[in-house]
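Report on the structure given below.
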Amino acid sequence: MKNKQEVLGQYFTKIEIVERLVDFLARFKKYSKQAQILEPSFGTGNFINILRKNGFANIEGCEIDSELTNKPLDFFKLSLDKKFDLIIGNPPFSKFNLKESYFDPKKYFFSKISPILYLTKSELKKSKEKIENVFILKSLKHLKDKDSSIGFVLPISFFIKNKNRSVKEQLVEHFSTVVVYQNDQVWFDRNIPCCFAIFTNSKELKNKIVLIYENGEANQEMYDISGIHEELIPQIVFHKTKGNAQNRTGVPLDNFLDHKSIKAQKSFSSNNISASNILERTKIPKGISVEDYRIAVVRVGNSSVGKTGLINIKKDVINDMFYVFDVKEQYKKNKQIKEAICSAINNKVDYFKHITSRVGSKSIKKEDILSFKVQV
Ligand SMILES: C[S@@+](CC[C@H](N)C(=O)[O-])C[C@H]1O[C@@H](n2cnc3c(N)ncnc32)[C@H](O)[C@@H]1O
């Protein structure tokens with residue numbers, strides 16, 4: 001198979017990361033050394049090796065690739081009679097533009113273990129589903145009892161607001177505690193934005209979602225389980241609440257900007273303003289009506305996101321990389337305020353990089369700009 005690495009999602013978790021994740025899980029759920037454990041896609045076996053090193057004796061594993069094991073086994077063919085205390089590992093992730101990397105239910109309809117047994121109605125309707133989601137759904141059917149847990153490395157995009165709703169709903173039916181962990185290290189030989197998610201039942205953390213981001217210190221935020229469909233990305237929550245790229249003091253831009261959408265002239269082919277030249281437009285030229293100037297903030301792109309300039313709404317043509325804002329009525333003729341807002345955002349452009357660069361969607365929301373604090 002060409003591009004096997006991408007089709008099968010073969011990114012192996014670094015051994016020192018696996019050590020950290022296995023220790024981390026033990027903080028939330030303790031298992032006896034006799035606990036029955038499944039690693040459903042073991043790859044080069046790092047999770048299994050660390051678990052064994054930690055004294056766990058009953059570990060089973062699946063791995064589909066015969067180049068990695070002499071007993072290849074497709075997790076979707078593992079009998080549902082098999083039940084486990086803990087299912088832990090790093091399942092394959094589907095790659096957005098690679099059809100073969102998705103789970104195709106048709107492929108398994110005639111298998112002994114039909115997808116009907118583990119997919120929800122909403123997934124059954126689809127012709128393809130993200131493979132990591134199906135790893136989760138099938139794992140739910142392998143849980144032994146209320147003390148069983150799942151600990152999976154997942155793409156961080158899993159926890160974007162309102163994504164994967166039906167899978168999250170299934171998860172909270174089984175589990176009343178969700179922990180999402182990120183740190184500032186690279187977990188594979190490539191930097192894939194991901195997290196380690198623990199789904200468990202813990203008396204102390206009943207009905208809680210815990211987000212932990214480690215970057216030399218442990219930053220923790222806690223939410224009620226009812227927030228499961230919210231954006232649960234520890235690193236971004238950290239940058240929004242504690243990170244020093246955001247101004248801790250100052251006034252939210254909301255106080256100066258209007259929420260209304262602004263109609264600007266747009267074109268991809270014949271614009272005079274794009275993310276690459278917006279920083280040449282941070283001043284309002286003398287002799288031109290200040291009222292005609294609007295604030296344009298780049299909303300996408302790792303290197304340009306957050307860059308801000310002033311555009312002339314009557315003359316300038318932009319591409320669709322921007323959010324365009326007007327100031328509130330009382331500031332419309334205020335050159336100083338418009339320019340000061342621009343420079344305040346540009347001085348802290350790192351903030352916008354931090355809150356976007358590691359998420360699948362790679363774009364900022366309007367509310368991220370409106371809640372950004374400036375001192376003008
Ligand atoms: C992201 S890698 C992770 C491997 C290992 N868990 C780790 O953390 O190093 C995913 C693994 O899943 C395997 N895989 C893909 N589809 C599978 C399936 N249906 N059943 C079992 N293994 C599968 C791939 O071959 C790959 O080795």
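Whatever order the structure lists them in is the order used to number ligands and atoms, beginning at 1.
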Suppose I only count heavy atoms of [X] and a 4.0 Å limit; which atoms of ligand 1 are within that range?
| X | answer |
| --- | --- |
| F76 | 19 (N) |
| P91 | 1 (C) |
| F47 | 8 (O) |
| G43 | 4 (C), 27 (O) |
| F12 | 4 (C), 9 (O), 27 (O) |
| L73 | 20 (N), 21 (C) |

Name the closest protein heavy atom to [atom], giving the residue it belongs to and the distance to 0.1 Å.
| atom | value |
| --- | --- |
| atom 19 (N) of ligand 1 | D74 OD1, 2.9 Å |
| atom 14 (N) of ligand 1 | I64 CG2, 3.7 Å |
| atom 16 (N) of ligand 1 | P92 CG, 3.7 Å |
| atom 3 (C) of ligand 1 | N90 O, 3.1 Å |
| atom 7 (C) of ligand 1 | T13 OG1, 3.4 Å |
| atom 24 (C) of ligand 1 | L8 O, 3.3 Å |

For ligand 1, the portion of F93 having any non-hydrogen atom under 4.0 Å away:
neither
Relative to atom 5 (C) of ligand 1, which among S41, P40, G9 owns the nearest non-hydrogen atom?
S41
Under a 4.5 Å cut-off applied to non-hydrogen side-chain atoms, are [X] and [Y] in contact?
| X | Y | value |
| --- | --- | --- |
| F322 | V298 | yes |
| L232 | I160 | no |
| K161 | H229 | no |
| K240 | D368 | yes |
| I262 | Y323 | no |

NZ (K4) and CD (Q10) are apart, to the nearest 0.5 Å, by 5.0 Å
For T44, side chain to side chain contact (heavy atoms under 4.5 Å, CB included) partners two or more places apart:
F12, N46, L68
Got a sec, which residues hit side chain to side chain contact (heavy atoms under 4.5 Å, CB included) with N272, two or more places apart in sequence or on another chain?
R281, D316, V317
Parallel, tilted or perpendicular, as decided by the 30° and 60° cut-offs, for the rings of F238 and Y213
tilted
Could you tell me how the ring of F199 sits relative to the ring of F158: parallel (under 30°), tilted (30 to 60°) or perpendicular (over 60°)?
perpendicular
Give yes if a backbone or side-chain nitrogen or oxygen of F75 is under 3.5 Å from a nitrogen or oxygen of ligand 1, and no if not.
yes
Quick check: E63 and ligand 1, any N/O pair under 3.5 Å apart?
yes
If we only consider heavy atoms of [X], is any one of them less than 4.0 Å away from an atom in ligand 1?
| X | result |
| --- | --- |
| L68 | yes |
| E39 | yes |
| V153 | no |

Determine, step by step, whether D326 and R294 satisfy the salt bridge (Lys or Arg N to Asp or Glu O under 4.0 Å) criterion, reporting the C-alpha distance in whole Å, the side-chain angles of both residues, the deciding distance to 0.1 Å, and the verdict.
CA-CA 5 Å; D326 201 355; R294 306 284 182 273; 3.5 Å; yes
Within the distance-only criterion (no hydrogens, no angle test), does the side chain of N201 pair as donor or acceptor with the backbone N or O of S176 below 3.5 angstrom?
yes
